[in-house]
Asker: 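Have a look at this one before I ask anything.
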Amino acid sequence: MLWGLVVVLSVLLVAWQPLDDVDMLDANGPIVNLAGDWRSDGARCTVMLPEDLPNGSVLEFVSPRDSVEVSVDGQTIYAASESGAVTAVLWVPLPDGSAGKMLMITGQGNAAARLARLNAASSVGSGAALQRRLFADNFYALVFSLFALITAGFLAYVSFRSWHRKLRETTYSVGALSLFILCSGIWVLTDSPLLQFVSNDGSSVAMISVATFLFMPILFLRFLKSMLPGKCLFNILGCFFLSAMAVGLILHLTGLLSIYDSIGVYHLMILAMFLLMTIAFARQNHPQHRLIQIGCLLYFLLEVLGLWLYHLIPTSRLYAAVICFGIFALGTSCMITWFDEYLGNVGRLAQNELLQKLAFLDDLTGVLNRSAFDRDCKTIAEQSDITFVMFDINGLKSTNDTWGHVIGDQLIQSAAKLITDTFQPVGTVYRIGGDEFVAILQGASETTTAELLQTFAERMQGQTIDHAIPVRIAYGAASTREVDVTAANLLQHADQRMYARKKAMKQAEAAGIVGGHD
């Protein structure tokens, strides 16, 4: 929902739509700065409006936390109750004929602070011109929030893929980094006045801003747990920030203490945390973590600068832009550091998967080996529709004795190719011994099995290797569809039938019958 507002803001940048009750004037019209002209008479702050002020002008000043009332020449034109947060500016349309008249703002709270805010930032001009200036001054927040959305979405996808690959720690760490960057984008957007283009509920926007700001260090600490040892420290800091956030929200909701009054304390806590993280990275002195150490240090320095600017010029948005840049530098350094480690982990995982795959492959033929066969047999259920086809190469020993093991290996390879070309499309082929192979067919009907065996016998006809050595392979099949065959004794039945055919083939060859493998 929040990011739908970002799209609306982008449209506003082009269309220059005004707020309700603010007249559209020339967007390039003059803006008269009232800063420095205000005077105070007790609780009242007054200023004389310019003599040449055109009709339809709008007053712009920083939204106060307490109630406020605006009047022109003694006539009230705007009144608002206590908002509780300074998160936006107010645009108050001035009545026609206000030129040269006395503008007065009164309210509860500290009158001196109100006067200081008005003398720091207040203007009158056309509604369009004021909106355009506000958008231009805070455009950085829109750009950063879009960057945060895209980056967080990419990291969330990586986290999902890591979970799918069962990389548990990577899933949690990159998920926390994704949420940290997303929260930072929400905080920057809600802390700026941009959302007042689409919402007049400044109090709710302010609460979202504070909540995301308080939650950011907790997510960042969760991410750092995967980078540094000493998880106890991160757990303690995380619980500390979580407790502080809960206490602050409870006090705010009960009315005992406004959370906006204690926001400076949270900033100091965050500064202390990043100082500790910088020291921790420095002590670890890990070359791969040097960049994130620089990011923590840079954020610490920019946070200090931002707080100094906020107290020096409280009505300026410069402090937010400085802290925004610090978050950008920190997030970028975290992503680069994590991505380097992620590539290393993926490389190691791929290498382990390759080694595991090679452990189940037969080096000579490239088919699965006996270990893979034993592994897969454990997954065969009793009720499964399974067919085993057992193969045994005829004449391997005599070939080795006569022509050597190189020719014998060639015979094994030729037999493996003949078996896989026939049965691999519908099953899995294993080499379980020197001259023994097994094909496991799942779900193959009796007709399909018979056709495969017939095809195999036809392909074997005339197959030879060097020295005109024929490729002769005995085979036997057994299926769980048979009454006396179960998954437990499937291999035994197929082996018995294979040896029966082997014996028949030898007898046929001895009798000089070429087609002994009917």
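Count residues from 1 along the sequence.
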Asker: Does OH belonging to Tyr266 count more than 12 external heavy atoms closer than 6.0 Å?
Answerer: yes
Asker: Below 4.5 Å, heavy atoms only, C-beta onward: do Val406 and Gln410 meet side chain to side chain?
Answerer: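 No, side chains not in contact.
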Asker: Taking atom OG1 of Thr455 and atom CG of Leu452, what is their separation to the nearest 0.5 Å?
Answerer: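 Between Thr455 OG1 and Leu452 CG, I get 6.0 Å after rounding to 0.5 Å.
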Asker: State the CG-OG1 distance between Leu182 and Thr212, to the nearest 0.5 angstrom.
Answerer: 9.5 Å
Asker: More than 12 heavy atoms of other residues, nucleotides or ligands under 6.0 Å from CZ of Phe325: yes or no?
Answerer: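 Result for CZ/Phe325: open.
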Asker: If only atom types and distance count, is the side chain of Thr402 paired as donor or acceptor with the main-chain N or O of Thr399 below 3.5 Å?
Answerer: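 Pair absent, no side-chain N/O of Thr402 close to backbone of Thr399.
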Asker: Nearest 0.5 Å, what's the OG1-CG distance between Thr420 and Leu368?
Answerer: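 Nearest 0.5 Å value for the OG1-CG distance: 11.0 Å.
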Asker: Tell me the closest heavy-atom pair linking Ser333 and Gly295, and the distance in Å.
Answerer: OG-CA, 3.5 Å
Asker: Is atom CD of Gln413 surrounded by more than 12 heavy atoms (other residues, nucleotides or ligands) closer than 6.0 Å?
Answerer: yes
Asker: What are the two closest non-hydrogen atoms of Gly434 and Ile412, and how far apart are they?
Answerer: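 That closest heavy-atom pairing would be O-CD1, 3.6 Å.
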Asker: Are Ile181 and Leu155 packed together at the side-chain level, in the sense that at least one heavy-atom pair is separated by less than 4.5 angstrom?
Answerer: yes
Asker: Could you check whether any side-chain heavy atom of Ile473 comes within less than 4.5 Å of a side-chain heavy atom of Phe437, counting everything from C-beta outward?
Answerer: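 Sidechains of Phe437 and Ile473: no contact.
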Asker: Of the non-hydrogen atoms in Thr332 and Phe328, which two are nearest, and what is the gap between them?
Answerer: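 Looking at all heavy atoms of both residues, the closest pair is OG1-O, 2.7 Å.
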Asker: With side chain to side chain contact (heavy atoms under 4.5 Å, CB included) as the test, would you mind laying out the steps for Ile386 and Ile440 before giving the verdict?
Answerer: CA-CA 7 Å; Ile386 303 294; Ile440 298 180; 4.0 Å; yes
Asker: Count the heavy atoms belonging to other residues, nucleotides or ligands that lie under 6.0 Å from CD of Gln442, then report whether that count exceeds 12.
Answerer: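 No, the 6.0 Å shell around CD holds no more than 12 heavy atoms from other groups.
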Asker: Verify, without hydrogens or angle tests, whether Asp495 (side chain) and Leu491 (backbone) share a donor-acceptor contact under 3.5 angstrom.
Answerer: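 No, because the side chain of Asp495 does not come within donor-acceptor range (under 3.5 Å) of the backbone of Leu491.
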Asker: If we ignore hydrogens and angles and just use 3.5 Å, is the side chain of Ser159 paired with the main-chain N or O of Thr171 as donor and acceptor?
Answerer: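 Yes, the answer is positive, given that a donor and an acceptor are paired below the 3.5 Å cut-off.
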Asker: Can Leu330 and Phe180 be said to form a side chain to side chain contact (heavy atoms under 4.5 Å, CB included), step by step?
Answerer: CA-CA 11 Å; Leu330 178 65; Phe180 168 74; 3.8 Å; yes
Asker: Check step by step if side chain to side chain contact (heavy atoms under 4.5 Å, CB included) holds for Ile465 and Ile407.
Answerer: CA-CA 8 Å; Ile465 59 172; Ile407 301 300; 3.9 Å; yes
Asker: Check this for me, if you would: do Arg459 and Asp421 make a salt bridge, where the nitrogen-to-carboxylate-oxygen distance has to be below 4.0 angstrom?
Answerer: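 Looking at Asp421 together with Arg459, the answer is no, because their closest N to O distance does not fall below 4.0 Å.
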Asker: For Ala329 versus Leu298, what's the shortest heavy-atom pair and its separation?
Answerer: CB-CD2, 3.4 Å
Asker: Does Leu418 offer a backbone N or O that forms a donor-acceptor pair with the side chain of Thr422 under 3.5 Å?
Answerer: yes
Asker: Ring centres under 6.0 Å, that's the criterion: do Phe391 and Phe456 meet it?
Answerer: yes
Asker: Within the distance-only criterion (no hydrogens, no angle test), does the side chain of Ser178 pair as donor or acceptor with the backbone N or O of Ala152 below 3.5 angstrom?
Answerer: yes
Asker: Below 6.0 angstrom between ring centroids: does that apply to Phe274 and Phe300?
Answerer: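 Between Phe274 and Phe300, the centre distance exceeds or equals 6.0 Å.
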Asker: Do the non-hydrogen side-chain atoms of Cys296 and Phe220 ever get within less than 4.5 Å of each other?
Answerer: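 Cys296 vs Phe220: side chains touch.
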Asker: Answer whether the closest heavy-atom distance between the side chains of Leu219 and Cys183 falls below 4.5 Å.
Answerer: yes
Asker: Quick one, Phe213 and Ser184 - any side-chain contact, counting heavy atoms below 4.5 Å?
Answerer: no
Asker: Who pairs with Asp374 by salt bridge (charged side-chain N to carboxylate O under 4.0 Å, His left out), at least two apart in sequence or on another chain?
Answerer: Arg370
Asker: Can you confirm whether or not the ring centre of Tyr319 sits under 6.0 Å from the ring centre of His267?
Answerer: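 Not under 6.0 Å, so no.
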Asker: Shortest non-hydrogen contact from Met460 to Val471?
Answerer: CG-O, 3.2 Å
Asker: Measure the spacing between CE of Met390 and CG of Leu490 and express it to the nearest 0.5 Å.
Answerer: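 Separation between the atoms: 11.5 Å.
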Asker: Main chain of Ala474, side chain of Arg472: is a donor-acceptor contact present, judged purely on distance under 3.5 Å?
Answerer: no
Asker: If you look at every heavy atom in Leu189 and Ser192, which pair is closest and at what distance?
Answerer: O-OG, 2.7 Å
Asker: So, does Asn489 use its side chain to make a donor-acceptor pair with the main chain of Gln492 at under 3.5 Å?
Answerer: no
Asker: Cation over ring, Arg222 on Tyr172, under 6.0 Å and within 45°?
Answerer: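 Verdict for Tyr172: no cation-pi partner in Arg222.
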Asker: Using atom types as modelled and distance alone, determine if a side-chain donor or acceptor of Arg497 lies under 3.5 Å from a backbone N or O of Ala477.
Answerer: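 Answer holds: yes.
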Asker: Enter the distance from Phe423:CZ to Tyr475:OH here, rounded to the nearest 0.5 Å.
Answerer: 8.0 Å
Asker: Under a plain distance cut-off of 3.5 Å, with no hydrogens placed, do Tyr430 and Asp362 share a side-chain donor-acceptor pair?
Answerer: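 No pair is found: no donor N or O on one side chain lies under 3.5 Å from an acceptor on the other.
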Asker: Do Leu134 and Pro193 have side chains that approach each other closer than 4.5 Å (heavy atoms only, starting at C-beta)?
Answerer: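 They are in contact (side-chain heavy atoms under 4.5 Å apart), so the answer is yes.
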Asker: Looking at side-chain heavy atoms only, is the closest gap between Phe154 and Val158 below 4.5 Å?
Answerer: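 In contact.
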Asker: Looking only at atom types and distance, does a side-chain atom of Thr337 sit under 3.5 Å from a main-chain N or O of Leu291, one as donor and one as acceptor?
Answerer: no
Asker: Between Leu361 and Arg431, is the side chain to side chain contact (heavy atoms under 4.5 Å, CB included) condition met? List the steps.
Answerer: CA-CA 9 Å; Leu361 288 179; Arg431 183 188 179 194; over 6 Å; no
Asker: State whether Lys502 and Glu436 are salt-bridged, where the test is any N-O pair (Lys NZ or Arg NE/NH1/NH2 against Asp/Glu carboxylate O) under 4.0 Å.
Answerer: no
Asker: Going from OG1 on Thr448 to CG on Leu441, what distance comes out if it is rounded to the nearest 0.5 angstrom?
Answerer: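 With rounding to 0.5 Å, OG1 (Thr448) is 9.5 Å from CG (Leu441).
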